[in-house]
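Only this structure's heavy atoms are used, side chains among them; waters, hydrogens and symmetry mates stay out. Values in this document were obtained by computation on a predicted structure and should not be read as measured data. Reminder, nothing fancy here: chain letters follow the sequence lines and each chain counts from 1.
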Number of protein chains: 2
Amino acid sequence: MMADDHTEAEALEPEARPADPRAEAFQGVREARRNELAEDYVELIAELIHEHGEARPVDIATKMGVTAPTVAKTLGRLARDGLITRAKYRSVFLTEEGRALARECQQRHEIVLRFLLSLGLDPETAERDAEGIEHHVSERTLALFAAFADRS
Amino acid sequence: MMADDHTEAEALEPEARPADPRAEAFQGVREARRNELAEDYVELIAELIHEHGEARPVDIATKMGVTAPTVAKTLGRLARDGLITRAKYRSVFLTEEGRALARECQQRHEIVLRFLLSLGLDPETAERDAEGIEHHVSERTLALFAAFADRS
DNA sequence: GATGATTATTAGCCTTGTCTAACTTGTCGC
DNA sequence: GCGACAAGTTAGACAAGGCTAATAATCATC
């Protein structure tokens, strides 16, 4: 039955769980996944405000491809987390924190997108992939992407 | 209050919801997110079987950085979805479908990783980022990544 | 072959993210 | 200024993915 020996060795350090290098990577990914949706919303809200002067739930729902109640519930969480402010039956606005996050996301998105395009990818696919990839790119990788895109 | 005009125009097509290009991208991302965890598990299970001859829940839990009950529940879903087989208190095995998925994921992982390394990223960061990115890379992008890594 | 440690499972809770159905509010036209 | 329709909210369901605590099975070992 294999009987492999993972007995002693990792008994030290009051870390948050084992600390297998692999486990850390997965935990990082899970952490990133938790923030993805908030980032997508905040980014979209910033964009809507920029383009239309306000962000209405109905437009968020359309762009995100979800129903209005889903948007309402998510906005509740964003408000709770201090990323947006809103009044009942009114448009949504970003807090300073939300605005900062939006800026950061937009930059990341922009860099990833330019990078994919400079690799020779078609615009539609680049947009789709950037949307998924942007949340999982470390600062270091982002810097390499930016450099590559510029150099091309 | 803006009164912007999204009235007619998108009234046709009995599509699955509006079909804003943006919405499609987000729906694609959400779709990908739903499969990520299953892919991570299947990939890891294949790896454990390859290395140790079997995949035990305890090892899966350690590598994934989650608790045993979480693994048990997730394995239940994987079994339900036909990706693995298992008997109570026994190790886990992949079905043919699971094996195919694992192969596919491993290839993708491998390509993304090689790509990031060939960009000049350090191995640890490359591994972490690859773990997050691999699920969001289209076939087309993957081909470009592979070509780039080879050419380097 | 009984027993103690390790491993696996079950039960039960919580949050997130999605939906539909039903209700309330706002707005625009007349 | 009222009535219809669009937009927003609330209620409630459901699945996924995480956890802890408690229970059950396996196994190593003497």
Side-chain angles (χ1 to χ4, degrees), chain A residues 1-8 10-11 16-18 23 26-41 48 52 54-81 83-84 86-92, chain B residues 1-8 10-11 16-18 23 26-41 45 48 52 54-81 83-84 86-93:
Chain A
M1 258 302 170
M2 275 306 106
D4 60 331
D5 60 334
H6 37 80
T7 24
E8 74 275 57
E10 65 246 9
R17 213 175 295 270
F26 278 123
Q27 280 170 347
V29 174
R30 275 202 303 280
E31 171 67 19
R33 302 216 251 251
R34 260 206 310 284
N35 301 321
E36 282 179 273
L37 198 70
E39 293 181 2
D40 286 340
Y41 268 76
L48 287 170
H52 299 134
E54 62 172 359
R56 299 187 310 163
V58 66
D59 293 327
I60 298 173
T62 303
K63 296 277 186 194
M64 292 285 302
V66 297
T67 61
T70 297
V71 170
K73 205 179 269 192
T74 304
L75 291 180
R77 285 190 284 266
L78 296 183
R80 182 201 60 193
D81 297 345
L83 295 171
I84 64 169
R86 60 186 189 141
K88 261 194 170 186
Y89 296 99
R90 286 273 112 78
S91 291
V92 176
Chain B
M1 261 294 170
M2 274 306 105
D4 61 332
D5 59 333
H6 37 79
T7 22
E8 74 277 58
E10 64 246 11
R17 213 174 295 271
F26 279 123
Q27 281 169 344
V29 174
R30 275 203 302 279
E31 171 67 20
R33 301 215 250 253
R34 261 204 310 282
N35 302 321
E36 281 179 89
L37 198 70
E39 293 181 3
D40 286 341
Y41 269 75
I45 290 167
L48 287 171
H52 300 134
E54 63 174 357
R56 298 187 309 163
V58 67
D59 293 327
I60 298 173
T62 303
K63 296 279 186 192
M64 292 285 302
V66 296
T67 61
T70 297
V71 169
K73 206 181 270 192
T74 305
L75 292 180
R77 284 189 284 265
L78 296 183
R80 183 201 58 193
D81 297 345
L83 294 171
I84 65 170
R86 60 187 189 143
K88 262 195 171 186
Y89 294 97
R90 286 271 111 80
S91 291
V92 177
F93 296 95

Colleague: Is a donor on one side and an acceptor on the other found under 3.5 Å between the side chain of B:Q27 and the backbone of A:G65?
Modeller: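 Yes, because the side chain of B:Q27 sits within donor-acceptor range (under 3.5 Å) of the backbone of A:G65.
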Colleague: Where along residues 31-39 of chain B does a heavy atom come under 4.0 Å from DNA chain C, residue by residue in number order?
Modeller: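 Close to the strand, none.
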Colleague: Can you list the residues that meet the salt bridge (Lys or Arg N to Asp or Glu O under 4.0 Å) rule with A:R80, with sequence neighbours excluded?
Modeller: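 Salt bridge (Lys or Arg N to Asp or Glu O under 4.0 Å) check on A:R80 returns nothing, list empty.
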Colleague: With sequence neighbours left out, write down each residue that passes salt bridge (Lys or Arg N to Asp or Glu O under 4.0 Å) with A:R77, or none if nothing qualifies.
Modeller: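 Testing A:R77 for salt bridge (Lys or Arg N to Asp or Glu O under 4.0 Å), a comparison that skips the adjacent residues, returns none.
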Colleague: Write down the distance between OH (A:Y41) and C1' (C:dT16), rounded to a whole number of angstrom.
Modeller: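 A:Y41 atom OH is separated from C:dT16 atom C1' by 11 Å.
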Colleague: Examine D:dT26: is either OP1 or OP2 under 4.0 Å from a nitrogen or oxygen in the side chain of B:R56? Give yes or no.
Modeller: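 B:R56 to D:dT26 OP1/OP2: no side-chain N or O under 4.0 Å.
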Colleague: Without decimals, in angstroms, what is the distance between A:Y89 OH and C:dT24 P?
Modeller: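 After rounding, the gap between these two atoms is 9 Å.
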Colleague: Could you please name the option among D:dT9, D:dC19, C:dT9 that lies closest to any side-chain atom of B:T67?
Modeller: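 Taking heavy atoms from C-beta onward, the closest nucleotide is D:dC19.
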Colleague: So what does A:R77 touch, heavy atoms closer than 4.0 Å: a base, only the sugar-phosphate, or nothing?
Modeller: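 Base, at least one base atom sits under 4.0 Å.
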Colleague: Could I get the full list of side chain to side chain contact (heavy atoms under 4.5 Å, CB included) partners for A:N35, not counting sequence neighbours?
Modeller: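 A:N35 satisfies side chain to side chain contact (heavy atoms under 4.5 Å, CB included) with A:E31, A:E39 once adjacent residues are dropped.
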Colleague: Taking atom OG1 of A:T62 and atom CZ of A:R56, what is their separation to the nearest 0.5 Å?
Modeller: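 Nearest 0.5 Å value for the OG1-CZ distance: 9.0 Å.
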Colleague: Quick one: which of A:L83, A:I84, A:V92, A:V71 gives a side chain to side chain contact (heavy atoms under 4.5 Å, CB included) with A:Y41?
Modeller: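 That would be A:V71; it is the only one of A:L83, A:I84, A:V92, A:V71 passing the side chain to side chain contact (heavy atoms under 4.5 Å, CB included) with A:Y41.
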Colleague: Please determine whether side chain to side chain contact (heavy atoms under 4.5 Å, CB included) holds for the pair A:T74 and A:I60, giving the CA-CA distance in whole Å, both sets of side-chain angles, and the decisive distance to 0.1 Å.
Modeller: CA-CA 11 Å; A:T74 304; A:I60 298 173; over 6 Å; no
Colleague: Just how far, in rounded Å, is P of D:dA7 from CD1 of A:I60?
Modeller: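 For the pair A:I60 CD1 and D:dA7 P, the rounded distance is 13 Å.
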Colleague: Would you indicate which nucleotide in D:dT9, C:dT9, C:dA8 comes nearest to any side-chain atom of B:A72?
Modeller: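 Taking heavy atoms from C-beta onward, the closest nucleotide is C:dT9.
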Colleague: Return the value, rounded to whole Å, for the distance between atom CG of A:L75 and atom C1' of D:dA7.
Modeller: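 Rounded to the whole Å, the gap is 13 Å.
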Colleague: When the distance from CD of A:Q27 to C1' of D:dG17 is rounded to whole Å, what number comes out?
Modeller: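 Taking atom C1' of D:dG17 as the reference, CD of A:Q27 is at 14 Å.
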Colleague: Any side-chain N or O of B:K88 below 4.0 angstrom from OP1/OP2 of D:dT26?
Modeller: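 Answer no for this pair, as no side-chain N or O of B:K88 is under 4.0 Å from OP1 or OP2.
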Colleague: Would you mind reading off the distance between A:L48 atom CG and D:dA7 atom P, rounded to a whole angstrom?
Modeller: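 Roughly 14 Å, once rounded to whole Å.
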Colleague: In whole Å, what is the span from the CE atom of A:M64 to the P atom of C:dG17?
Modeller: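 Whole-Å distance recorded here is 10 Å.
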Colleague: Hey, is A:R33 close enough to B:D40 for a salt bridge, meaning N to O under 4.0 Å?
Modeller: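 Salt bridge: yes.
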Colleague: Please enumerate all protein N or O atoms sitting under 3.5 Å from an N or O of nucleotides 11-14 of chain D, with distances to 0.1 Å.
Modeller:
unit_1: D:dA13; atom_1: N6; unit_2: A:K73; atom_2: NZ; d: 3.2

Colleague: Let me confirm one number: the NZ-OG1 distance from A:K73 to A:T67, rounded to the nearest 0.5 Å.
Modeller: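 The OG1 atom of A:T67 is 10.0 Å from NZ of A:K73, to the nearest 0.5 Å.
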Colleague: Does a nitrogen or oxygen in the side chain of B:T74 sit under 4.0 Å from OP1 or OP2 of D:dG17?
Modeller: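 Result: no.
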Colleague: Quick one: salt bridge (Lys or Arg N to Asp or Glu O under 4.0 Å) partners of B:R86, sequence neighbours excluded?
Modeller: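 For B:R86, no residue satisfies salt bridge (Lys or Arg N to Asp or Glu O under 4.0 Å) once neighbours in sequence are set aside.
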Colleague: Using atom CZ of A:R86 as one end and atom C1' of C:dG26 as the other, report the distance to the nearest whole Å.
Modeller: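 Taking atom C1' of C:dG26 as the reference, CZ of A:R86 is at 17 Å.
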Colleague: OP1 or OP2 of D:dC19 versus the side-chain N and O atoms of B:T70: is any pair under 4.0 Å?
Modeller: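 Checking B:T70 against D:dC19: at least one side-chain N or O falls below 4.0 Å of OP1 or OP2.
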Colleague: Between A:R30 and D:dG17, is there a contact of a side-chain N or O with OP1 or OP2 at under 4.0 Å?
Modeller: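 So the side-chain polar atoms of A:R30 never come under 4.0 Å of the phosphate oxygens OP1 or OP2 of D:dG17.
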